[in-house]
Amino acid sequence: MKITSARVIVCCPGRNFVTLKIETHEGLTGLGDATLNGRELAVAAYLTEHLIPCLIGRDAHRIEDLWQLLYKGAYWRRGPVTMSAIAAVDTALWDIKAKAANLPLYQLLGGKSRSGVMVYGHANGRDIAQTLDEVLRLRDAGYRAVRAQSGVTGLDKVYGVGSGTVSYEPADADLPSVHDWDSEKYLRHTPQLFDAVRSAVGPELHLLHDVHHRLTPIEAARLGKSLEPFHLFWLEDATPAENQEAFRLIRQHTTIPLAVGEVFNTIWDCKELIQNQWIDYIRATVVHAGGITHLRRIADLAALYQVRTGCHGATDLSPVCMGAALHFDLWVPNFAIQEYMPHSDETDAVFPHAYTFADGMLHPGEVPGHGVEIDEALSARYPYRRAYLPLNRLQRDGTLWSW
Ligand code: CS2
Ligand code: MG
């Protein structure tokens, strides 16, 4: 089945998305997500200038072979731009293969390992009381797992804390904005948040928390120890993981389960983390980690060490990534949880999809392929708008202190 054309669609229905559409001579089409928050056009150009010319005329069924060709053929292997572009091709080809087989994609991976995909929702608040209200609202809406984040007394803005119930959007400015950060204030505040939440919800609800890479390893160890009484499902991105060994130090001090990997793009980013059992959950997902073909490899390595998957699922990953990830989640034997932040109505209208949410679970649906399409005419009404993620600078005693 020959690939006859491929093109990139960039749109901004509330936020930017980059989508690859591949067409075959049999008329079957496939979609892949290529969105890299804040660097969207780099991936779009990589696809248009460097990958699409290599695809035309190739057999769409040879997914593995094409993956190797694009990965090894780059010579400059890995990196988020390269791997998001390869992921888009890979996802679109899996979509086509499943449509050709007239099966939902999870069937091609090996079939269901569970009846649905447990997700965690997001509870955000400007203070502990508001976050607690949100946790209770999500629990009442059927969620079995909730991530709790709150504003910190004495800090103006805290990354990752959305405003109330509207869809969360961290890329908030035309140029990067800088937020002040104070680790000491955060380390004092966060155990109070989880004390309040755990006392209110009792032992059953799974609670999660994201540090967004803001602590040093020894600070992360202190946070982990201070949160142990509240039995979190996981503590995410406690420290940056460019240096994988940093997690050894955290592990030596605390039994809190650790999750990391939303920014990882290949198995090499987590090889030591997994093999040394320094983490419990791997957060890599389809779009930023080379597609289903590569994510499967990461999951298989993780399974050897009892590390489970917890795919990234923020709103800056398009519904195309979410659809593909849900098929992966339904199959992958060492699944733990899937992140879920509902997209805006505009985004859902541009990307009609088969996945559905009920009782704290997502289900990818039974439509052939990954079940997500794009309304191109509608997408054209939302042109790209440059948007950046903010960054944090450490302050102490009210003045800038360090990076
Ligand atoms: C977050 C993300 O979902 C998460 O766990 O860390 O919101 C992340 O900050 C964004 O995806 C960055 O683009
Ligand atoms: Mg995160």
Side-chain angles (χ1 to χ4, degrees), residues 12 14-18 33-43 80-81 83-84 87 119-124 134 138 143 145-150 157-163 166-173 176-177 179 181 186 190 206-215 220 223 232-242 247 257-265 269-270 273 279-289 309-322 325 329 336-344 347 362 385-392:
C12 187
R15 68 147 5 269
N16 291 315
F17 294 111
V18 179
D33 181 22
T35 309
L36 183 62
N37 202 3
R39 295 294 184 272
E40 294 86 356
L41 299 187
V43 189
V81 175
M83 297 310 292
S84 302
V119 300
Y120 67 92
H122 284 242
N124 294 304
E134 278 296 290
L138 290 174
Y143 283 85
V146 177
R147 184 186 103 167
Q149 310 287 133
S150 99
K157 275 190 169 175
V158 174
Y159 181 77
V161 179
S163 44
V166 295
S167 14
Y168 167 68
E169 180 44 70
D172 59 357
S177 53
H179 298 173
W181 177 252
Y186 170 72
T190 307
H206 299 304
L207 296 176
L208 301 83
H209 183 67
D210 191 348
V211 184
H212 294 289
H213 321 270
R214 284 173 301 209
L215 298 177
L223 179 64
L232 266 61
F233 187 95
W234 78 35
L235 183 70
E236 177 191 342
D237 287 344
T239 200
E242 287 109 313
F247 280 74
L258 297 171
V260 68
E262 67 182 32
V263 301
F264 293 175
N265 49 79
D269 295 327
C270 49
L273 285 168
I279 58 168
D280 302 280
Y281 301 99
I282 181 71
R283 299 257 302 129
T285 192
V286 177
V287 57
H288 299 137
T309 67
C311 287
H312 187 202
T315 42
D316 51 285
L317 318 181
S318 94
V320 175
C321 175
M322 178 57 87
D329 293 336
I337 202 161
Q338 165 71 51
E339 181 179 13
Y340 177 44
M341 277 191 222
H343 286 106
S344 67
T347 299
L362 278 167
R385 281 200 317 257
R386 190 175 65 193
Y388 285 96
L389 290 162
L391 42 95
N392 279 299

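Whatever order the structure lists them in is the order used to number ligands and atoms, beginning at 1.
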Proximal atoms of ligand 1 relative to [X] (non-hydrogen, under 4.0 Å):
{"X": "A314", "result": "2 (C), 3 (O), 7 (O), 11 (O)"}
{"X": "E236", "result": "5 (O)"}
{"X": "Y159", "result": "8 (C), 9 (O), 10 (C), 12 (C)"}
{"X": "D210", "result": "1 (C), 4 (C), 5 (O), 6 (O)"}

Answer yes or no: are there more than 12 heavy-atom neighbours, outside R385 itself, under 6.0 Å from its atom CZ?
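For R385, atom CZ is not crowded (no more than 12 foreign heavy atoms under 6.0 Å).
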So is R147 polar-close to ligand 1, meaning N/O to N/O under 3.5 Å?
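Such a contact does occur with ligand 1.
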Looking only at N/O atoms, are H122 and ligand 1 under 3.5 Å apart anywhere?
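N/O-N/O distance below 3.5 Å does not exist for this pair.
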D210 N/O/S atom closer than 2.8 Å to the Mg ion (ligand 2):
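D210 does place an N, O or S atom closer than 2.8 Å to the Mg ion (ligand 2).
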N, O or S from E236 under 2.8 Å to the Mg ion (ligand 2)
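Checking the Mg ion (ligand 2) against E236, an N, O or S atom does fall under 2.8 Å.
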Donor-acceptor side-chain pairing of H122 and E134 below 3.5 angstrom:
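Distance-only check fails for H122 and E134.
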I'd like to know if the side chain of E236 pairs up with that of H209 as donor and acceptor (distance under 3.5 Å, no hydrogens or angles considered).
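There is no such pair between these side chains.
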Test item: P319 and H343 side chains (from C-beta on) under 4.5 Å apart, heavy atoms
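The answer is yes, as the side chains (C-beta and beyond) meet within the 4.5 Å cut-off.
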Ring centres under 6.0 Å, that's the criterion: do W181 and Y186 meet it?
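Between W181 and Y186, the centre distance is under 6.0 Å.
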Parallel, tilted or perpendicular: ring planes of Y281 versus W234, cut at 30 and 60 degrees:
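The arrangement is tilted - the two ring planes meet at 30° to 60°.
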Charged tip of R15 within 45° of F17 ring normal and under 6.0 Å
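Cation-pi check for R15 and F17: passes.
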Which of the N/O/S atoms in E262 sits closest to the Mg ion (ligand 2)?
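The closest N, O or S atom of E262 to the Mg ion (ligand 2) is OE1.
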